[in-house]
Engineer: 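My questions will all concern the structure given below.
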Amino acid sequence: MNLSTTRAPSACLIELNAASYRYTKAKTHVFSDLDLIVTRGEQIALVGPSGGGKSTLLYALSAMLRLSTGSYRFEGESIQTMQHTELDRWRSSHVGFVYQQAALLPHLSLLDNVLLPVAHERAKKTEWKERASGLLESLGLAELANRLPSAVSGGQAQRAAIARAIMRSPALVLADEPTSALDDEAAANVMEILQTACAGTTTLVLATHDSRLLSASTRVVQMSELAGAAAMATS
Ligand code: ADP
Ligand code: MG
């Protein structure tokens with residue numbers, strides 16, 4: 001089947017083939033010859049030891065890093081061959097990213113942080129603002145919408161970061177150890193919110209080494225089991 005002519009809604013969201021990544025100047029690959037197929041709506045926990053390449057793979061899936069070799073198709077479309085502007089446009093409409101630390105801009109309120117992904121949109125300002133407020137409300141942050149990130153807890157900041165990631169209803173949400181800086185209670189709460197927010201058609205790939213976060217995932221993928229990922233340990 002020629003995937004380049006396959007249009008959504010295809011069940012297959014992500015297809016990585018023989019994917020390798022090596023940081024410039026690094027002697028070895030972080031991963032090589034990696035194959036991964038992700039179906040729309042899956043919630044995947046990507047697990048593996050620290051330094052195993054989880055973050056690097058998430059950056060490659062968001063195309064913040066370009067694969068060194070191999071192919072990456074998203075909804076059947078080649079991401080590999082996109083030019084910068086097209087890639088930025090693709091990322092902003094299809095991918096939401098939740099970082100290890102909430103990574104909110106410190107001088108903006110929670111509401112304005114959530115509005116960042118649509119800051120360049122000239123139309124429908126009122127609708128976007130309503131959506132942002134609605135998301136904050138659904139994540140239990142309505143009262144805190146006008147606070148600066150420094151005036152909320154780590155868990156609340158991370159919930160706002162989730163709202164920011166899903167603001168444009170992306171098909172794919174990538175979360176890089178989003179609970180690692182939180183205590184147990186806040187971690188469980190953030191995790192539940194993330195998985196609920198992504199339930200349905202949104203696909204979630206979550207990097208974690210926290211086994212408590214695995215239970216709600218539809219699939220656990222060991223970094224070392226993706227073909228070739230172990231190559232870095234031997235090369
Ligand atoms: P994980 O998220 O599983 O802890 P990473 O993807 O962060 O793993 O790191 C994988 C490997 O890539 C590690 O050996 C790390 O030192 C290396 N690495 C990460 N970022 C860079 C970088 N910017 N330049 C060079 N090497 C890096
Ligand atoms: Mg990491």
Side-chain angles (χ1 to χ4, degrees), residues 14-38 42-72 74 79-80 84 87-88 91 95-104 154-155 157-162 164-166 170 172-184 186-188 190-191 193-195 198 203-235:
I14 287 172
E15 191 178 16
L16 283 180
N17 277 120
S20 304
Y21 187 79
R22 186 168 65 128
Y23 284 100
T24 319
K25 294 184 185 162
K27 289 200 179 76
T28 57
H29 285 87
V30 176
F31 52 80
S32 58
D33 203 23
L34 181 150
D35 294 329
L36 176 67
I37 287 182
V38 180
E42 275 196 285
Q43 298 207 342
I44 292 184
L46 183 63
V47 297
S50 180
K54 302 181 296 298
S55 296
T56 305
L57 180 55
L58 293 188
Y59 298 148
L61 291 175
S62 71
M64 287 189 274
L65 295 178
R66 269 184 203 270
L67 294 177
S68 305
T69 57
S71 74
Y72 176 17
F74 187 94
I79 299 304
Q80 217 47 12
H84 269 300
L87 203 54
D88 287 346
R91 189 184 304 109
V95 184
F97 209 108
V98 183
Y99 296 89
Q100 200 158 355
Q101 309 283 345
L104 300 174
Q158 198 57 298
R159 278 191 265 156
I162 292 170
R164 181 180 58 184
I166 61 175
L172 176 65
V173 171
L174 302 168
D176 194 0
E177 311 221 26
T179 61
S180 61
L182 305 176
D183 62 41
D184 285 0
V190 161
M191 210 41 226
I193 277 173
L194 180 62
Q195 288 177 321
C198 294
T203 302
L204 173 65
V205 182
L206 162 81
T208 182
H209 60 252
D210 187 344
S211 56
R212 292 169 307 175
L213 305 183
L214 305 182
S215 55
S217 301
T218 54
R219 180 154 62 116
V220 177
V221 173
Q222 294 278 348
M223 200 63 209
S224 59
E225 283 172 8
L226 297 169
M232 64 170 190
T234 55
S235 56

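Everything quoted here is computed from the prediction, not taken from an experiment. Note that ligands are numbered from 1 as they come in the structure, with each ligand's atoms numbered from 1 the same way.
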Engineer: Just by modelled atom types, is the L206 backbone N or O under 3.5 Å from a matching donor or acceptor in the K54 side chain?
Structural biologist: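 No, K54 side chain to L206 backbone: no donor-acceptor pair under 3.5 Å.
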Engineer: For T56, check side chain to side chain donor-acceptor pair (under 3.5 Å) against everything at least two apart and list the hits.
Structural biologist: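 Per chain and number, T56 pairs via side chain to side chain donor-acceptor pair (under 3.5 Å) with Y23.
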Engineer: Enumerate the protein N/O/S atoms at a distance below 2.8 Å from the Mg ion (ligand 2), ignoring waters.
Structural biologist: S55 OG
Engineer: Is the closest N or O pair between S55 and ligand 1 shorter than 3.5 Å?
Structural biologist: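 By distance alone, the answer is yes.
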Engineer: By ring-ring contact (aromatic ring centres under 6.0 Å, His included), which residues pair with F97, not counting sequence neighbours?
Structural biologist: Y59, Y99
Engineer: Distance under 4.0 Å to a non-hydrogen atom of G53: what atoms of ligand 1 satisfy this?
Structural biologist: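 So the answer, numbered in order with elements, is 1 (P), 3 (O), 5 (P), 6 (O), 8 (O), 10 (C).
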Engineer: What do you reckon, does P49 put a non-hydrogen atom under 4.0 Å from ligand 1?
Structural biologist: yes
Engineer: Is atom CD of Q101 surrounded by more than 12 heavy atoms (other residues, nucleotides or ligands) closer than 6.0 Å?
Structural biologist: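 No, because the 6.0 Å sphere around CD of Q101 holds 12 heavy atoms or fewer from other groups.
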Engineer: Is there a nitrogen or oxygen of V30 sitting under 3.5 Å from a nitrogen or oxygen of ligand 1?
Structural biologist: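 No - when backbone and side-chain N and O of V30 are compared with those of ligand 1, no distance drops under 3.5 Å.
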Engineer: Provide the full list of salt bridge (Lys or Arg N to Asp or Glu O under 4.0 Å) pairs with a residue in residues 61-72, sequence neighbours left out, each pair given once.
Structural biologist: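 Passing the test, one end in residues 61-72: no pairs.
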Engineer: So, 4.0 Å and heavy atoms of A26: is ligand 1 close enough to count as a contact?
Structural biologist: no
Engineer: What's the spacing between M191 CE and I162 CD1 if we round to 0.5 Å?
Structural biologist: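 It comes to 8.0 Å.
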Engineer: May I have the step-by-step check of side-chain contact (heavy atoms from CB on, under 4.5 Å) for L194 and T179, ending in yes or no?
Structural biologist: CA-CA 10 Å; L194 180 62; T179 61; over 6 Å; no
Engineer: Can you measure from OG (S71) to CD (E15) and round to the nearest 0.5 angstrom?
Structural biologist: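 So the gap between those two atoms works out to 6.5 Å.
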Engineer: Can you tell me if G48 contacts ligand 1 (heavy atom of the residue under 4.0 Å from the ligand)?
Structural biologist: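 Per 4.0 Å heavy-atom rule, G48 does not contact ligand 1.
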Engineer: Do the side chain of S32 and the main chain of H29 share a donor and acceptor less than 3.5 angstrom apart?
Structural biologist: no
Engineer: My understanding is that we take every heavy atom of each candidate and find the minimum distance to atom 24 (N) of ligand 1. Doing that for Y23, Y59, F31, which one comes out nearest?
Structural biologist: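 It is Y23 whose heavy atom sits nearest to atom 24 (N) of ligand 1.
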